[in-house]
Amino acid sequence: MIVVFGTVNVDMVTVVPRLPGPGEAVKGRDHQLFPGGKGANQAVAAARAGAKVVLVGCVGRDGFAEVALAGLKAAGVDLSRLGRSDSPTGLQSIAVDPAGENLMIGSEAANRDARADRLRGLLLPGVVFLTQNSLGTTEVATAIAAARAAGCRVVWNAAPAAPAAEATYAACDVVVVNQHEARAHAALLGLAEAPRAFAEAVAARFGVTVVVTLGAGGLIAARPGAATLLGRPPPILPVDTTGAGDALCGALAAALDRGEAIETALAEGLAAGALACRDTGAQTSFRDLAEIRRAAREVRLEIA
């Protein structure tokens with residue numbers, strides 16, 4: 001079983017001719033509403049990849065809550081530990097350009113009321129615990145410490161980058177960041193910024209597997225006491241990169257939950273992330289395990 005602790009949002013996506021600069025207004029023809037939030041996205045991705053998933057988070061009592069929860073319900077994610085807040089449901093406004101790149105502005109709203117104590121009774125030996133920084137480092141650090149103490153396997157998508165205690169890194173089994181977040185974490189930890197150097201330094205320092213995603217370039221994965229791996233994704237024509245990292249994290253966690261080796265988990269994560277770029281929106285672009293496994297056969301995973 002996978003327990004996810006994270007944000008639940010509504011994504012308002014507008015396709016624009018180009019991403020705006022500071023102080024600039026750029027308009028698209030229309031917009032679409034999608035369920036989103038890093039926690040919800042990763043929960044749906046893991047469920048689509050075949051895992052039994054429980055999501056712990058918080059939404060409002062407004063009409064946006066049903067939009068935010070639609071994908072989770074469709075994927076069969078257990079929402080029995082989901083909180084309700086008097087604050088509105090979190091909202092993320094996303095602009096997407098013709099190349100599939102995006103720009104995001106969001107509000108925390110009800111997500112501020114998500115608490116780690118709602119995890120009580122869920123964190124057990126054998127559980128894969130998956131979380132991100134989107135709920136704030138205090139609650140996330142508390143949750144990671146509790147998961148480690150309970151004997152869970154901890155996967156931390158340390159995004160967005162923020163200061164964290166060294167004990168939080170050391171309590172994880174897998175840490176996932178993109179190349180931009182890796183630079184920010186490197187500055188916080190006083191380490192080299194290059195993706196491979198950062199990944200290897202963190203893996204050695206904290207005894208964790210570190211995955212740095214490189215967009216279309218794939219990923220670097222450093223493991224304590226083992227060779228660093230370079231992964232290349234299957235070829236795709238990107239439409240919207242929103243949620244690609246969440247797809248990778250969810251599929252990777254699902255593979256680990258099934259008992260797969262880290263190499264298989266990385267390949268399936270890369271495949272899931274690539275497939276998620278082929279459609280607009282996050283959760284609506286996630287694929288099932290059969291399609292992920294087919295695409296994973298095209299992933300090139302080799303010693304860096």
Side-chain angles (χ1 to χ4, degrees), residues 7-38 40-42 44-45 48 64 67-68 70-71 74 90-107 132 134 157 159-161 176-184 195 211-220 230-252 268-288 291-292 294-296 298-300:
T7 50
V8 185
N9 292 332
V10 170
D11 290 345
M12 184 172 68
V13 179
T14 305
V15 177
V16 293
R18 56 188 171 79
L19 298 179
E24 183 182 16
V26 177
K27 293 185 178 181
R29 292 176 61 89
D30 56 21
H31 64 269
Q32 295 174 281
L33 294 179
F34 297 99
K38 290 188 75 64
N41 288 349
Q42 293 181 16
V44 169
R48 292 272 173 84
F64 275 145
V67 177
L91 178 68
Q92 191 92 342
S93 181
I94 304 171
V96 181
D97 72 10
E101 292 300 322
N102 60 61
L103 183 153
M104 304 183 186
I105 299 173
S107 62
Q132 317 81 31
S134 50
N157 177 207
V176 183
V177 292
N178 66 28
Q179 56 193 324
H180 310 293
E181 294 150 358
R183 284 196 291 270
V211 180
V212 180
T213 62
L214 309 172
L219 60 75
I220 289 283
L230 173 65
R232 300 292 189 191
I236 54 98
L237 181 64
V239 172
D240 178 9
T241 59
T242 305
D246 294 333
L248 182 149
C249 290
L252 183 149
E268 291 186 2
L270 263 179
L275 292 171
C277 295
R278 300 193 308 182
D279 296 296
T280 303
Q283 295 175 24
T284 50
S285 67
F286 297 163
R287 297 297 189 259
D288 64 18
E291 190 167 354
I292 290 169
R294 286 195 295 272
E298 298 183 68
V299 169
R300 290 163 44 208

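These figures come from a predicted structure and were not determined experimentally.
- Note that OG1 of Thr213 is 7.0 Å distant from CD of Gln179, once rounded to the nearest 0.5 Å.
- Residues Phe286 and Gly243 share a closest heavy-atom pair of CE2-O, 3.5 Å.
- When Asn157, Leu219, Leu270 are each tested for a side chain to side chain contact (heavy atoms under 4.5 Å, CB included) with Val211, only one passes: Leu219.
- Of all heavy-atom pairs between Ala272 and Ala251, the closest is CB-CB, 3.5 Å.
- When atom types are taken as modelled, the side chain of Thr7 and the backbone of Lys38 share a donor-acceptor pair closer than 3.5 angstrom.
- Residues Gln283 and Asn41 bring a donor and an acceptor atom of their side chains to less than 3.5 Å of each other.
- Residues Pro238 and Ala99 approach most closely at CG-O, 4.0 Å, considering heavy atoms.
- Here the side chains of Leu19 and Val26 are not in contact, with every heavy-atom distance at 4.5 Å or above.
- Across all their heavy atoms, Ala216 and Pro233 have their closest contact at O-CG, 3.6 Å.
- Atom CD of Gln32 sits about 6.5 Å away from atom CG of Asp30, to the nearest 0.5 Å.
- The shortest heavy-atom contact between Gly71 and Pro35 is N-CG, 3.9 Å.
- Between the CD1 atom of Ile94 and the NE2 atom of His31 there is a distance of 13.0 Å, given to the nearest 0.5 Å.
- Between the side chain of Asp11 and the main chain of Val13, no donor-acceptor pair closer than 3.5 Å is present.
- Looking only at distances, no side-chain donor or acceptor of Arg300 sits under 3.5 Å from a matching main-chain atom of Gly231.
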**Study point:** Test log, rule side-chain contact (heavy atoms from CB on, under 4.5 Å), inputs Ile220 and Leu230
**Key:** CA-CA 5 Å; Ile220 289 283; Leu230 173 65; 3.8 Å; yes
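- A donor-acceptor contact shorter than 3.5 Å is absent between the side chain of Arg287 and the backbone of Leu275.
- A distance of 12.5 Å separates CG in Leu103 from CZ in Arg18, rounded to the nearest 0.5 Å.
- The main-chain N or O of Asn178 is found under 3.5 Å from a side-chain atom of Glu181 such that the two form a donor-acceptor pair.
- Residues Asn9 and Gln92 approach most closely at ND2-OE1, 4.3 Å, considering heavy atoms.
- Counting heavy atoms from C-beta outward, Asp279 and Val239 have side chains that stay 4.5 Å or more apart.
- To the nearest 0.5 Å, the span separating CZ on Arg48 from CD1 on Ile292 amounts to 9.5 Å.
- Side-chain contact between Arg278 and Ser285 is absent, with no heavy-atom pair separated by less than 4.5 Å.
- With rounding to the nearest 0.5 angstrom, the CZ atom of Arg29 is 13.0 Å from the OG1 atom of Thr14.
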